[in-house]
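Below is one structure, written out as structure tokens; the observations come after it.
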Amino acid sequence: MFVKIEVNNKLIKARKGETIMSALESNGIMIPSICAMKDFTPTGACRMCVVEIEGKQGLVPSCSEPVNEWMKIKTHSPRVIRSRKTIVELLLSNHPDDCLYCDRNGSCELQGLAEDLNVRERRIVGKKNKYKLDHSSPAIVRDPAKCILCGRCVRMCDERLAVFTLDFINRGNSTIIGTACNKDLNFSNCISCGQCIMVCPTGALFEKDCLPEVEDALHNSDKNVIIQYDPSVGVALAEEFGLKPGKDISGLIHAALRKIGFDKVFDTSFAADLVTTELSHQLVARKKQKVKKPLLSSCCPAWIKFAEQSCTDILSDISSCKSPQQMLGAVIKTVYPGISGFDPGSIFSVAVTPCTAKKFEAQREEMTKKGLSDIDAVLTTRQLARLIKLYGIDMSQVEPEIADEPYGVRSSSGKLFGCAGGMTESVMRTLPWAAGGKDPEPSRIAELRGIKGKKEAVLKIGKTSYKFAVISGLANALPVLETIRAGTCDYDFIEIMACAGGCINGGGQPIGADENVVKARMKALYGLDEKEIIRLAQKNPKICELYDDFLGGPLSEKSRDVLHTTYSVRKVLL
Amino acid sequence: MDERTSAILAKYPRGHRDCLIPILQDIQEFFGYLSEASLVEVGRYLDLPAGKIFGLATFYNQFRFEPAGRYHIRLCHGTSCHVSESARIIRELEKILGIRPGQTSRDGMFSMELVACMGACHLAPLIQVNEVHHTSIKPEDLKDIIDSYIHGEEE
Ligand code: SF4
Ligand code: FES
């Protein structure tokens with residue numbers, strides 16, 4: 001159903017029930033906004049998006065007002081522009097003048113608005129915000145002085161993640177954003193997923209920096225600096241260099257990392273193959289033991305922290321497999337010295353991930369053995385881009401190279417882990433073999449693709465059938481977790497990813513991606529799979545070698561020692 | 001779980017979020033403040049995250065999150081006190097005690113609370129220390145008033 005509205009003296013068509021803002025956008029009229037978020041309930045808090053409507057006294061926020069037949073709207077009248085400009089000026093009046101040193105310099109929406117609205121002098125002078133930086137979390141830094149109280153982080157955390165870490169505290173001009181009892185983030189129930197960073201318009205939320213440690217290691221001749229990168233990094237990094245989203249530049253990444261000075265470049269997808277193999281054997285064993293409850297995935301560290309806080313009754317149903325990053329980290333420190341001759345203590349192991357929670361995961365107690373951490377530093381996709389720029393590498397002139405052996409070799413199943421559902425698809429290709437049968441011909445499992453919050457699939461092996469569910473966007477997990485508690489859940493395996501769409505949309509990815517960008521990244525990963533020769537984890541020759549030469553076999557004592565971990569109840573303010 | 005908190009909660013139906021404010025008021029009335037533990041317990045009872053309860057409770061001036069001091073000072077900033085410059089009284093007391101309304105001094109001796117009107121407008125501006133009223137005061141008087149309580153304790 002369409003209605004006609006008049007905008008700036010021209011008739012345009014709008015869908016009945018849509019907001020003024022969305023009607024304007026589909027007609028090529030851009031309205032500035034701050035608090036509005038696509039697919040979230042509008043709050044109408046910031047008033048940045050106001051328009052003039054004939055017959056209405058005040059200006060009206062277009063993000064929350066629905067269109068009406070024959071509405072007469074002015075979107076850029078002097079009154080409207082003055083009002084928008086004043087809002088930006090007020091927001092700037094108490095904002096720290098810190099742009100040059102700010103993490104978000106260049107990608108800050110407040111900077112963008114000031115530029116678009118031609119704010120070029122300081123008309124309103126206010127007292128500058130002064131709050132202390134919250135550095136307590138290993139993953140996320142909060143700088144409340146830069147917060148403009150748009151509430152986007154609060155809604156993200158509440159509506160998508162159902163973690164409820166952040167809220168408005170106090171009232172009026174003493175309002176701030178904070179955690180329960182205004183504790184530091186590390187003492188809160190924050191799961192470090194970083195989705196709040198992705199929606200914050202300013203530098204009030206950003207990830208922990210560890211570039212200096214990495215640089216130090218690179219310049220230390222006693223260190224063997226090894227780096228691994230996640231499949232989701234390979235298909236997103238291009239965006240940081242102004243290329244079209246959805247391009248896999250893994251080959252260029254290998255070359256760039258070598259130019260920077262990393263001694264070895266490995267692919268986390270190798271360890272994803274390892275996860276697939278271990279996990280498939282766990283599933284087969286569980287089926288044999290006739291366990292009624294589903295096995296839950298363990299690759300997402302944000303979900304794991306959530307479970308340790310809020311699902312303590314089902315911790316024993318979470319797979320003991322470490323995440324790919326940690327598995328490869330452990331293999332690099334325990335197995336690789338025997339192959340490379342590197343002293344384990346000389347290895348500095350870096351992981352590049354699309355995720356902020358991986359920073360948290362890397363420093364978990366369980367991930368350090370005999371004083372050696374599986375992983376020494378975790379960089380996000382954004383931080384890798386910074387490192388490449390820091391070393392003056394012109395990505396347009398780099399020639400693609402291949403990753404190092406042995407852990408640069410991977411099946412294309414390993415690459416799929418970046419998308420929610422990819423892990424399950426990979427396991428479904430390996431399960432028949434793990435159950436003692438033949439390898440299947442890998443085919444596209446359409447039910448498991450796409451960005452839906454819940455997906456399902458069934459695999460039949462002989463007379464046994466396995467039922468799978470894939471959840472992404474942690475809030476979508478709550479109903480399923482309830483069915484587990486009630487004993488009515490009939491899945492054999494549930495893949496749970498905190499971020500909507502999976503790692504590909506993680507909190508460490510390039511800022512400003514919309515749904516189309518996320519889809520393009522996914523398409524790139526699935527595209528890799530179609531072109532590949534080795535498409536099954538168990539067919540990865542280096543995985544076979546690792547089992548034959550060192551681990552013995554899946555779920556062997558050695559495997560359990562190196563590749564598996566434990567979880568424990570975490571006390572936080574809930 | 002604290003039995004006294006449970007007793008308060010038991011007066012309200014489990015899971016009824018609309019009872020949140022009355023519950024918080026009861027808890028504050030009984031304990032004098034809302035502790036971290038009590039926020040968590042209320043949250044469990046009403047199925048609300050502690051962070052959301054804290055956010056809501058800090059919106060209102062009436063809730064405190066620290067136990068009151070041995071001398072709890074209530075400062076009126078109702079209309080009459082306001083026109084009699086209670087704002088200066090508040091500022092001066094903040095300076096003397098080094099705390100702000102809602103807070104308790106580190107030695108646990110004094111705490112401050114702003115109240116809307118104590119119904120003694122003809123005696124404005126006034127403060128109440130525990131049960132004692134100090135009326136028609138000037139900012140300069142505060143030092144002596146506070147000192148009298150400190151000396152009282154020393155004796
Ligand atoms: S921290 Fe960022 S996203 Fe959250 S309210 Fe402040 S400005 Fe908005
Ligand atoms: S974007 Fe409409 S009120 Fe904030």
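Naming convention: chains lettered A, B, ... in sequence-line order (proteins, then strands); numbering from 1 in each chain.
You'll find the side chain of B:P49 stays beyond 4.5 Å of the side chain of A:L574, heavy atoms only.
With rounding to the nearest 0.5 angstrom, the CD1 atom of B:I53 is 11.0 Å from the CG atom of A:L573.
Residues B:A50 and A:A180 share a closest heavy-atom pair of C-CB, 4.0 Å.
Interface remark: B:F65 contributes no atoms to any contact with chain A (heavy atom separation under 4.5 Å). Heavy-atom distances place both the backbone and the side chain of A:I169 under 4.5 Å from chain B. With a 4.5 Å cut-off on non-hydrogen atoms, A:I177 does not touch chain B at all.
Taking A:R160 as the reference, nothing meets the side chain to side chain donor-acceptor pair (under 3.5 Å) condition, with sequence neighbours excluded.
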Counting distance alone, with no hydrogens or angles, which donor-acceptor pairs between chain A and chain B are under 3.5 Å?
from   : atom 1 : to    : atom 2 : distance (Å)
A:D158 : OD1    : B:K52 : NZ     : 3.3
A:D158 : OD2    : B:K52 : NZ     : 2.7
A:L166 : O      : B:K52 : NZ     : 3.1
A:N170 : N      : B:T58 : OG1    : 2.8
A:R171 : NE     : B:F59 : O      : 2.8
A:K183 : NZ     : B:E36 : OE1    : 3.4
A:K183 : NZ     : B:E36 : OE2    : 2.7
A:L574 : O      : B:A50 : N      : 3.3

